[in-house]
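To start, the structure itself, in structure tokens.
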Amino acid sequence: MDIGTNNKEQKQKGLLDGEAANSPNLKRINLALQGGGSHGAFAWGVLDRLLEDECIEFDGISATSVGAVNATVLAYGLAVGGRLGARQALADIWRRVANLASLSPLQPTPFARLTGNQSLETSPAFVQFDLMTRLFSPYQLNPFNINPLRSILCDTVDFDAIRNAHCPIKLFLSATNVRTGKIRVFNNAEIGPDAVLASACLPLLFQAIEIDGEHYWDGGYMGNPAIFPLIYDCDSRDVVIVHINPIERPDVPKTAGEILNRINEISFNSSLMREMRTVYFVTKLIEEEKILDKTMRRMLIHSIEADDVMQAMGVGSKLNADRNQINRLMKVGRERAKAWLAANFDRLGKRSTIDIQKKYL
């Protein structure tokens with residue numbers, strides 16, 4: 001579903017809520033959504049395809065940065081309009097993001113879009129902007145603390161529906177406490193525009209978000225995303241990680257931009273890899289019957305990714321919310337989710353579909 005697809009088109013596909021409510025093949029999963037700027041359109045595509053399959057239900061979602069935006073909008077849409085409402089809400093917010101980006105001088109020129117060259121790294125406007133963010137803080141460049149995402153969220157999401165006890169999804173949004181360096185996980189009752197903005201607050205671009213006297217930056221530094229809330233607070237043992245930041249790259253970065261991009265990827269994956277090491281350790285102890293505590297659960301880990309696509313995209317593309325790129329990544333997300341479901345649906349609830357040791361350790 002591209003930006004702008006409406007409910008009528010969805011209904012013509014026969015995607016009516018409740019058709020599979022009593023299906024014996026119903027699978028309940030948790031989602032872990034990474035951050036990554038406009039690359040989050042890939043996760044949008046994944047979510048759209050999962051919502052299309054009524055044999056999939058969501059228990060909890062742990063998310064960071066743009067993942068927090070996707071998770072919040074999905075939860076709101078589900079709460080007020082079921083699956084169709086969630087799909088439409090996600091399409092709506094990405095349409096708004098693309099419309100806003102079309103007004104930015106940092107986006108690709110019409111000529112670049114025609115030729116297919118949408119790299120921002122060589123754009124004079126982007127180079128100047130990147131230099132400015134390294135010389136001046138957002139408190140100097142943006143003294144009035146204007147964040148267009150706030151108005152988009154407030155126009156798109158009724159946060160009362162998320163805070164309501166009847167919200168169908170447990171949300172866990174991660175942010176980093178600037179003062180203590182510790183992770184803060186916001187749950188449904190605590191989630192409003194500030195919590196989402198805190199999770200997505202890149203410190204070189206935006207002023208820290210103040211909540212209850214504490215200040216927060218992007219959650220990716222301490223949890224991208226955090227897995228432990230899904231382990232402790234959700235019933236489903238299945239955790240599907242939607243990767244945006246590549247864990248591996250085939251080549252050593254050589255340019256300044258490539259090096260900074262790789263540093264960003266490594267740092268934003270580090271917390272997830274540490275948690276996966278713990279999951280692997282506990283799983284091994286359970287399998288070897290070395291844990292007597294029956295409250296310890298064996299978690300089942302899964303992954304949907306497009307590393308081959310993301311590896312070809314530079315760091316500047318994360319700020320490229322051009323409609324063409326967003327729709328392209330969304331379609332890639334749908335394709336990867338479709339392939340993942342075809343290959344792994346029957347394994348859900350039974351075993352992990354990735355080798356945790358090989359991928360993360």
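Source: prediction; values computed, not measured.
In terms of hydrophobic clustering, with Ile, Leu, Val, Met, Phe, Trp and Tyr side chains grouped at heavy-atom distances under 4.5 Å, L100 and V66 are assigned to a common cluster. Linking ILVMFWY side-chain heavy atoms closer than 4.5 Å, directly or via other members, places V240 and M330 in a single hydrophobic cluster. In terms of hydrophobic clustering, with Ile, Leu, Val, Met, Phe, Trp and Tyr side chains grouped at heavy-atom distances under 4.5 Å, L51 and V80 are assigned to a common cluster. If you chain together hydrophobic residues whose side chains sit under 4.5 Å apart, V332 and L90 fall into the same group. No continuous path of hydrophobic side-chain contacts links L33 to Y221 [ILVMFWY only; heavy atoms under 4.5 Å].
Side-chain contact of Q325 with S38: a donor-acceptor pair under 3.5 Å is present, judged by distance alone. There is no side-chain donor-acceptor pair under 3.5 Å between E265 and N245. Between Y139 and Q207, the side chains place no donor N or O within less than 3.5 Å of an acceptor N or O (distance only, hydrogens not considered). For the residue pair N70 and W94, a side-chain donor N or O sits within less than 3.5 Å of a side-chain acceptor on the partner. Remark: the N99 side chain and the R323 side chain contain an N/O donor-acceptor pair separated by less than 3.5 Å. The closest side-chain donor-acceptor pair between Y360 and R277, if any, does not fall under 3.5 angstrom. Using modelled atom types, one finds no donor on one side chain facing an acceptor on the other under 3.5 Å when comparing N344 with H302.
Each of D160, L171, D158, I169 was compared with Y76 under the side chain to side chain contact (heavy atoms under 4.5 Å, CB included) criterion, and only D158 meets it. Here the rule is side chain to side chain donor-acceptor pair (under 3.5 Å) with E305, and of K359, R336, H243 only K359 fits it.
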**Report entry** K338 vs D53, salt bridge (Lys or Arg N to Asp or Glu O under 4.0 Å): CA-CA, chis, key distance, verdict
**Finding:** CA-CA 9 Å; K338 179 181 178 180; D53 191 325; over 6 Å; no
Query raised in the report: For N269 and Q34, what are the C-alpha separation, side-chain angles and deciding distance, and is it a side-chain contact (heavy atoms from CB on, under 4.5 Å)?
Result: CA-CA 9 Å; N269 277 324; Q34 284 196 317; 2.9 Å; yes
Query raised in the report: Between M310 and L329, is a side-chain contact (heavy atoms from CB on, under 4.5 Å) present by the stated rule, with each step listed?
Result: CA-CA 9 Å; M310 299 305 182; L329 288 174; 4.2 Å; yes
Requested in this report: Would you check, one step at a time, whether the test side-chain contact (heavy atoms from CB on, under 4.5 Å) holds for F42 with I304?
Outcome: CA-CA 10 Å; F42 168 76; I304 301 177; 4.3 Å; yes
Report task. Assess whether side-chain contact (heavy atoms from CB on, under 4.5 Å) is satisfied between I247 and I266, documenting all intermediate values. Result -> CA-CA 7 Å; I247 292 178; I266 291 173; over 6 Å; no
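N188 contributes a side-chain N or O that, together with a main-chain N or O of I162, makes up a donor-acceptor pair within less than 3.5 Å. The backbone N or O of S137 lies less than 3.5 Å from a partner atom in the side chain of Q140, making a donor-acceptor pair. Between the S199 side chain and the G219 main chain, no donor and acceptor come within less than 3.5 Å of each other. A donor-acceptor contact shorter than 3.5 Å is absent between the side chain of S174 and the backbone of V185. Using modelled atom types, no side-chain atom of R87 and backbone atom of E52 make a donor-acceptor pair closer than 3.5 Å. Between the side chain of Q88 and the backbone N or O of L84, no donor-acceptor pair lies under 3.5 Å. The backbone N or O of G67 lies less than 3.5 Å from no partner atom in the side chain of S65, so there is not a single donor-acceptor pair. With hydrogens and angles ignored, the 3.5 Å screen pairs no side-chain donor or acceptor of K27 with any backbone N or O of I56. Distance alone, capped at 3.5 Å, is enough to place a donor-acceptor pair between the N142 side chain and the I146 backbone. In terms of modelled atom types and a separation under 3.5 Å, the side chain of T72 and the main chain of V69 share no donor-acceptor contact.
Between the CZ atom in R328 and the CG atom in D322 there is a gap of 10.5 Å [rounded to 0.5 Å]. Note that CD1 of I183 and OG of S271 are 7.0 Å apart. Values are rounded to the nearest 0.5 Å. Note that CD1 of I356 is 5.0 Å distant from OG1 of T283, once rounded to the nearest 0.5 Å. Atom CE of M313 sits about 10.5 Å away from atom CD1 of I244, to the nearest 0.5 Å. Expressed to the nearest 0.5 Å, how far CE of M222 lies from OG of S267 amounts to 12.0 Å. Note that the CD1 atom of I29 and the CG atom of D238 stand 7.5 Å from one another [nearest 0.5 Å].
Residues L300 and K350 come closest through the heavy atom pair CD1-N, 3.6 Å. Minimum heavy-atom separation, G60 to C234: CA-SG, 3.8 Å. Nearest heavy-atom pair, L153 versus F159, reported as atom, atom and distance to 0.1 Å: O-CE1, 4.1 Å. Considering every non-hydrogen atom in both T156 and D92, the closest pair reads CG2-OD2, 4.0 Å. Here the shortest heavy-atom pairing between R184 and D212 reads NH2-OD2, 4.3 Å. Scanning all heavy atoms of the two residues, the minimum distance from A208 to C201 falls at CA-SG, 3.9 Å.
Counting heavy atoms from C-beta on, the side chains of D233 and F228 never come closer than 4.5 Å. Inter-residue side-chain proximity for W44 and I93 is flagged as unmet; no heavy-atom pair is nearer than 4.5 Å. M276 is listed as a side-chain neighbour of I241, based on a closest heavy-atom distance under 4.5 Å. Here the side chains of W217 and I209 are not in contact, with every heavy-atom distance at 4.5 Å or above. The closest side-chain heavy-atom distance from Y216 to E214 is below 4.5 Å. Contact of the I227 side chain with the I231 side chain is registered, since non-hydrogen atoms from C-beta on lie closer than 4.5 Å. At a threshold of 4.5 Å between non-hydrogen side-chain atoms, the residues L197 and R150 count as touching. Inter-residue side-chain proximity for N30 and F58 is flagged as unmet; no heavy-atom pair is nearer than 4.5 Å.
Clustering of Ile, Leu, Val, Met, Phe, Trp and Tyr by side-chain heavy atoms under 4.5 Å joins L285 with F281, V282, I286, I291, M296.
Using a 4.0 Å cut-off between a side-chain N of Lys or Arg and a carboxylate O of Asp or Glu, K170 and D59 qualify as a salt bridge.
Looking at residues two or more places apart in sequence or on another chain, you find a side chain to side chain contact (heavy atoms under 4.5 Å, CB included) between Q311 and P246, R249, P250, D307.
At most 12 non-hydrogen atoms from other residues, nucleotides or ligands lie less than 6.0 angstrom from CD of E289.
Separation of the F172 and F186 ring centroids does not fall under the 6.0 Å cut-off.
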